[in-house]
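The first residue in the sequence is number 1, and the count goes up from there. Not measured: the values here are computed from a predicted model.
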Amino acid sequence: MTQSTLENTPKFAPQISVPATYMRGGTSKGIFFKLTDLPERCQVAGKARDNFLLRVIGSPDPYGKQIDGLGNGSSSTSKTVILSKAKQADHDVNYLFGQVNIAKPMIDWAGNCGNLTAAVGACAINMGLVDADKVTNSIDDSSESGICEVRIWQENISKTIIAHVPVYLDAQGKVQVQETGDFELDGVTFPAAEVKIEFIDPVDSSSDMFPTGNLIDDFDVSGCGLNTDSVKATFISAGIPTIFMKSADLGFTGTELQGDINSNSETLAKLEEIRAKGGVAMGLFKDVSEAQSSQHIPKIAWVAPAQSYSASSGKAVDAADIDLVVRAMSMGQLHHAMMGTAAVAIAAAATTQGTLVNEAAGGSELGEVRFGHPSGTLLVGGKTERVNGRWQAKKVSMSRSARRIMVGEVFVPADAF
């Protein structure tokens, strides 16, 4: 080969490989990384880390499919997680979540993913991030199984979450995470092992769970395409900032499925305008234009009293089996089930008398509620109280499941980050 030929040969960036775990957590899927496995420049916040994760997922993708990455063209699967040894005292693992935008070169680091939280404890054990003695001692000498309590520090929101991860002794006497089982979670096709999750003090003690100071507000929605300029709303910041409204005020029934909402561009635009206004009302934005760069928060949801309907799988949901129905938007689309963080908000609002969510559930004093969502139902529990004039959620709990789908290496072009 001549010198001129060499000079004219195009130079291609090689691919680099990085250890990764692909997991389902709750009704979401995501790519999990150990912090120290990432390329050095991606181990700190910044452009390199974001560009690396965007390429892993396959974003931005104007086609909306993320074909050239591990995403799947939905907000429930366009997710990344970085785990590391906890720096906080009395915690096992540090959990950082990134919600990757499908069409834009943007990752939202502002909130948590409650569904993937269910996978964090198991993944941390499998990655060796939880103390080995703690894992071993979670099984009594007289037993072959047990529960390992993994204390998680959720870095995005600076909160403690406890995952009760089932474990067992394998044939070689080694403690393993139990992933299969008979726990059924609506929105997930196959049963798996139950993972109980506790969100501890999901609201800062120095702030009010209801940022406006009210359980119900008159919410200005003028110019949003509704038949009225004002609707009742409950603004809550627990789990994730969420705007709850009555289904009827939005022209909905509360039993909508994804096709009813996501195929209607006019409805989606209307809901996004309302979300942006809600963000201003909650003090999250100074102007509605800021909502464009904050797709993850706040969430927008609507509630209605219990009613019978057919879930997306065709399964019949009976009004007698639920307390209310809830539908919620995630990243501009109706969620196929319910976001875990929004379920925290539902639990906190439902167990506080005087909110729209509590009213939809019958208005009585509640310690737990079962709500209907597009894929079925979910039971959540909560404990709220008023402290020094401020409403606080002391604890919210729910059960999910999680499962490893793939453990191996993900390949990324070296010039992508």
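Heavy atoms of other residues, nucleotides or ligands lying less than 6.0 angstrom from NZ of K246 number 12 at most. Within 6.0 Å of NZ on K196 lie no more than 12 heavy atoms contributed by other residues, nucleotides or ligands. A 6.0 Å sphere centred on NZ of K134 holds more than 12 heavy atoms belonging to other residues, nucleotides or ligands. Residue-environment remark: OH (Y63) stays at or below the threshold of 12 foreign heavy atoms within 6.0 Å. For K383, the NZ atom is loosely surrounded, since the number of other residues' heavy atoms within 6.0 Å does not exceed 12. In this structure, D201 places its CG atom where more than 12 heavy-atom neighbours from other residues, nucleotides or ligands lie under 6.0 Å away. Dense packing is recorded around CD of Q88, with more than 12 heavy atoms of other residues, nucleotides or ligands lying under 6.0 Å away.
Under a 3.5 Å cut-off, the side chain of R49 and the backbone N or O of Q43 do not form any donor-acceptor pair. Although no hydrogens or angles enter the test, the distance criterion places a donor-acceptor pair under 3.5 Å between the side chain of E256 and the main chain of G254. With T351 contributing its side chain and A347 its backbone, the two residues share a donor-acceptor pair below 3.5 Å. Between the side chain of D37 and the backbone N or O of F33, no donor-acceptor pair lies under 3.5 Å. Judged purely by atom type and a 3.5 angstrom limit, K85 uses its side chain to pair as donor or acceptor with the backbone of L129. Judged by distance alone, the side chain of D108 and the main-chain N or O of A110 form a donor-acceptor pair under 3.5 Å. Remark: the backbone N or O of V167 is not paired with any side-chain donor or acceptor of S145 at under 3.5 angstrom. Side-chain atoms of D92 come within 3.5 Å of backbone atoms of R151 as a donor-acceptor pair (strictly under, hydrogens ignored). At least one donor-acceptor pair under 3.5 Å links the side chain of Q353 to the backbone N or O of G363. K277 places a side-chain N or O within donor-acceptor distance of the main-chain N or O of S222, the cut-off being under 3.5 Å.
Between N94 and L83 the shortest side-chain heavy-atom distance does not fall below 4.5 Å. Side-chain contact between M23 and I405: absent, with no pair of heavy atoms (C-beta onward) separated by less than 4.5 Å. The side-chain heavy atoms of I197 and V195, taken from C-beta on, include a pair separated by under 4.5 Å. Proximity of S397 to V380: side-chain heavy atoms (C-beta onward) are nowhere separated by under 4.5 Å.
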(request) Go through the steps to decide whether I200 and I162 satisfy the test side-chain contact (heavy atoms from CB on, under 4.5 Å), and finish with yes or no. (result) CA-CA 8 Å; I200 308 300; I162 300 175; 4.1 Å; yes
(message) As a quick check of understanding, evaluate side-chain contact (heavy atoms from CB on, under 4.5 Å) for R370 and L378, giving each step before the final call.
(response) CA-CA 5 Å; R370 182 176 294 278; L378 179 64; 5.9 Å; no
(message) Applying side-chain hydrogen bond (donor to acceptor under 3.5 Å, both in side chains) to S76 and H335, what does each step give before you reach the verdict?
(response) CA-CA 8 Å; S76 299; H335 196 275; 3.2 Å; yes
(request) List the steps, then state whether side-chain contact (heavy atoms from CB on, under 4.5 Å) holds for I82 with F97. (result) CA-CA 7 Å; I82 300 173; F97 167 69; over 6 Å; no
(request) Check the pair R403, E179 against salt bridge (Lys or Arg N to Asp or Glu O under 4.0 Å), reporting the backbone distance first and the verdict last. (result) CA-CA 6 Å; R403 187 177 74 85; E179 296 175 285; over 6 Å; no
(request) Apply side-chain contact (heavy atoms from CB on, under 4.5 Å) to the pair K299 and M329, showing each step before the final yes or no. (result) CA-CA 6 Å; K299 300 300 186 188; M329 300 292 289; over 6 Å; no
(message) Between F219 and F235, is the ring-ring contact (aromatic ring centres under 6.0 Å, His included) condition met? List the steps.
(response) CA-CA 9 Å; F219 177 27; F235 300 106; 5.2 Å; yes
(request) Start with the C-alpha distance between S401 and R24, add both sets of side-chain angles, then the distance that settles side-chain hydrogen bond (donor to acceptor under 3.5 Å, both in side chains), and finish with yes or no. (result) CA-CA 8 Å; S401 64; R24 176 185 64 77; 3.1 Å; yes
(message) Could you walk me through whether W109 and D50 satisfy the side-chain hydrogen bond (donor to acceptor under 3.5 Å, both in side chains) test, starting with their C-alpha distance in whole Å, then the side-chain angles of each, then the deciding distance to 0.1 Å, before giving a yes or no?
(response) CA-CA 10 Å; W109 299 98; D50 283 14; 3.2 Å; yes
(message) Using side-chain hydrogen bond (donor to acceptor under 3.5 Å, both in side chains), reason through S399 and E194 one step at a time and then give a plain yes or no.
(response) CA-CA 6 Å; S399 288; E194 180 180 11; 2.6 Å; yes
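In this structure, CD in Q258 is found 6.0 Å from CG in L334, a value given to the nearest 0.5 Å. Note that the OG atom of S364 and the CD atom of E359 stand 11.5 Å from one another [nearest 0.5 Å]. For the atom pair NZ (K270) and CD (E273), the distance works out to 9.5 Å, reported to the nearest 0.5 Å. Taking CG of L324 as the start and CD1 of I346 as the end, the distance is 7.5 Å to the nearest 0.5 Å. Atoms CG and CD1, from L169 and I139 in turn, are 4.0 Å apart once rounded to the nearest 0.5 Å. With values rounded to the nearest 0.5 angstrom, D208 atom CG is found 11.5 Å from N388 atom CG.
Defined by atom type and a distance below 3.5 Å, a donor-acceptor pair is missing between the side-chain atoms of S293 and E290. S59 and Q66 form a side-chain donor-acceptor contact under 3.5 Å, judged by distance and modelled atom types alone. With 3.5 Å as the limit, one finds a donor-acceptor pair spanning the side chains of N115 and T27. When only modelled atom types and interatomic distance are considered, S75 and S330 share a side-chain donor-acceptor pair under 3.5 Å. Side-chain contact annotation: Q154 with N156, donor-acceptor N/O pair under 3.5 Å present. Side-chain atoms of D287 and S289 include a donor-acceptor pair closer than 3.5 Å. Side-chain contact of T352 with T355: a donor-acceptor pair under 3.5 Å is absent, judged by distance alone.
Residues C113 and Y95 come closest through the heavy atom pair O-OH, 2.9 Å. Contact between V410 and L70 at its shortest, heavy atoms only, is CG2-CD1, 3.8 Å. Nearest heavy atom pair, residue T21 against residue R404, reads CG2-CG, 4.1 Å. Across every non-hydrogen atom of D186 and T377, the tightest pair is OD2-N, 2.7 Å. Here the closest heavy-atom approach between residue S84 and residue V93 is recorded as O-CG2, 3.4 Å. The shortest non-hydrogen separation linking Q295 to Q292 is NE2-O, 3.4 Å.
With salt bridges taken as basic N to acidic carboxylate O contacts below 4.0 Å, none links D249 and K232.
With Y309 as the aromatic partner, R327 meets the cation-pi criteria of under 6.0 angstrom to the ring centre and within 45 degrees of the ring axis.
With sequence neighbours excluded, the residues forming a side-chain contact (heavy atoms from CB on, under 4.5 Å) with T341 are N112, I240, M339, listed by chain and number.
Using a 30° and 60° split on the angle between ring planes, H91 and W153 fall in the perpendicular class, above 60°. By the 30° and 60° cut-offs, the orientation of the rings of F52 relative to F417 is perpendicular.
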